[in-house]
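Fair warning: this is a prediction, and the values are worked out from it, not measured in the lab. In what follows, chains are A, B, ... by sequence order, proteins preceding strands, each numbered from 1.
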Protein chains: 2
Amino acid sequence: MPARRKRADALRNEQTLLAAAAAVFVTSGVDAPIREIAARAGVGVGTIYRHFPTRADLVVAVYRHQVEACAEAGPKLLADAESPLAALRQWVDLFVDFLVTKHGLANALQSDGSGFDALHAYFLDRLVPVCAQLLDAAVDAGEIGPGTRAYELMRGIGNLCVGRDDDPRYDPRRLVELLIRGLRRPRSS
Amino acid sequence: MPARRKRADALRNEQTLLAAAAAVFVTSGVDAPIREIAARAGVGVGTIYRHFPTRADLVVAVYRHQVEACAEAGPKLLADAESPLAALRQWVDLFVDFLVTKHGLANALQSDGSGFDALHAYFLDRLVPVCAQLLDAAVDAGEIGPGTRAYELMRGIGNLCVGRDDDPRYDPRRLVELLIRGLRRPRSS
DNA sequence: GACAAAACGGAACACTGCTCCGTATATTAA
DNA sequence: TTAATATACGGAGCAGTGTTCCGTTTTGTC
């Protein structure tokens, strides 16, 4: 049982860091140098690593509430929408929104590199079950064919959102829409 | 008018470098350290930079002939296959083959910052017209709906192939297949 | 063989991520 | 209040990148 509670300056710094990281992420993307975030927060790099051992931990902390909102929207949409497929569409739209507005996040999500495993794991643990529920409902309703798994679909969507976001020739949403259409059960035999 | 022709050792080194780079790319991906390629070729890093000022130049040179093969296969498939859509499928399959076997190349295809612009441009110049031809033929044959552009489709496919290739839960081909299915013209109005 | 142009090699610089430990501070007990 | 101790902090320092620069070596020509 921990008798001592967390020190006040540690708590303060954690908040400062989250704010600084959020600010830097919108400016320079989630790949911004750690030193830049440290400077912005007015702390040493050691402090960042103590609070958030990996970069992914920091990213997760910054975006946790938004991921949570996305996860909670799933069942809600399923209850409210016209059909399971409609709910799935709307949910995917939310997910894409989230990915493209945080620039670089989609890249980080697919990165197989050294330190993003935690981010990967967190997203998946939290969102894959939600996506699976929507998918299953649509299958049960006969709107889409079986065989596609939530993990794969989500990673596919994430991948489609990767890349520079200022290219008018490439709109991730159009391709995601194509992917969803490809999910539909064939009309004729 | 350049009186002198290129020196013999320079030509020799260029070939050595291309071979070394090709070998290293399949081992460590296109992001392999320059020093590793230099060591493999038995030259200094300066020599690499002299022959290929940017990493993209090197990558382009190494994969040029494979891209060429893919480009040439387009019209051939269109002539031989049962239908334009079938040809498109087969061509996309070839394209995916190319992307996944050279792991990391898909990353290069979408990479924004580092300097893959040359590779990007080459890919696009060479392959987009081929893809467009197949796409148009399938539209004309009434097999798929209009509105999808070759550039966007190719980038989408490239993005879907991004990521670690040893994960049984994620098979790029399944998702690409979904994407192609999404292209199809709806059967019933 | 002598000479200049071309090419080479790799040390050196700049910029990353990340660790480590001496110093400073907050909390608690006396 | 003061002393003791756990906790947290800062940033120098290490390791691994890409890239440049220039003294040295090789090549081609006369």
Query raised in the report: Given that B:Ile34 and A:Gly44 both sit by DNA chain D, which one's nearest nucleotide is further toward the 5' end?
Result: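 Of the two residues, A:Gly44 wins.
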Query raised in the report: Where each residue is assigned the nucleotide of DNA chain D containing its nearest heavy atom, which of A:Val45 and A:His51 is assigned the position nearer the 5′ end?
Result: A:His51
Just how far, in rounded Å, is [atom2] of [N] from [atom1] of [X]?
{"X": "A:Tyr49", "N": "C:dC21", "atom1": "OH", "atom2": "C1'", "value": "17 Å"}
{"X": "A:Leu58", "N": "C:dC18", "atom1": "CG", "atom2": "P", "value": "11 Å"}
{"X": "A:Ile37", "N": "C:dT16", "atom1": "CD1", "atom2": "C1'", "value": "13 Å"}
{"X": "B:Ile48", "N": "D:dT20", "atom1": "CD1", "atom2": "C1'", "value": "14 Å"}
{"X": "B:Asp9", "N": "C:dA6", "atom1": "CG", "atom2": "C1'", "value": "8 Å"}
{"X": "B:Phe52", "N": "D:dT19", "atom1": "CZ", "atom2": "C1'", "value": "17 Å"}
{"X": "A:Arg35", "N": "C:dA14", "atom1": "CZ", "atom2": "C1'", "value": "11 Å"}
{"X": "B:Asp57", "N": "D:dT19", "atom1": "CG", "atom2": "P", "value": "11 Å"}

Query - Nearest-nucleotide comparison on DNA chain C, the residue closer to the 5′ end among B:Ala10 and A:Pro53 - result: B:Ala10
Given [options], which nucleotide is nearest the side-chain atoms of [X]?
{"X": "A:Arg12", "options": "D:dG10, C:dA26, C:dG9", "result": "C:dA26"}
{"X": "B:Arg7", "options": "C:dC8, C:dA5, C:dT19", "result": "C:dA5"}
{"X": "B:Thr47", "options": "C:dG9, C:dA5, D:dT20", "result": "C:dG9"}

Requested in this report: Check whether any side-chain N or O of A:Asn13 sits under 4.0 Å from OP1 or OP2 of D:dC9, and answer yes or no.
Outcome: yes
Query raised in the report: Under 4.0 Å between a side-chain N or O of A:Arg50 and OP1 or OP2 of C:dC20?
Result: no
Report task. Consider only side-chain heavy atoms of I, L, V, M, F, W and Y, link residues closer than 4.5 Å, and tell whether B:Leu94 and B:Leu135 are in one cluster. Result ->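 No: no chain of side-chain contacts under 4.5 Å links B:Leu94 to B:Leu135.
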Query raised in the report: Is a side-chain donor-acceptor pair under 3.5 Å present for B:Asp57 with B:Thr54?
Result: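 Judged by distance alone, the side chains do pair up.
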Requested in this report: Would you please classify the geometry between the A:Tyr151 ring and the B:Tyr170 ring as parallel, tilted or perpendicular, with 30° and 60° separating the classes?
Outcome: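 If you compare the ring of B:Tyr170 with that of A:Tyr151, the planes turn out perpendicular.
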Query raised in the report: A:Phe123 vs A:Phe98 aromatic rings, parallel, tilted or perpendicular, using cut-offs 30° and 60°?
Result: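 Plane angle under 30°, so parallel.
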Report task. Looking at every strand, decide which applies to B:Ala8 at a 4.0 Å heavy-atom threshold: base, sugar-phosphate, or nothing. Result -> sugar-phosphate
Requested in this report: Classify the nucleic acid contact of B:Ala32 as base, sugar-phosphate or nothing, counting any heavy atom under 4.0 Å across all strands shown.
Outcome: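 It contacts sugar-phosphate atoms only.
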Report task. Examine the base of D:dG18 for any acceptor or donor lying under 3.5 Å from a partner atom in the side chain of B:Arg55, and report the outcome as yes or no. Result -> no
Query - Sidechain N-carboxylate O distance under 4.0 Å for A:Arg173, A:Asp97 - result: yes
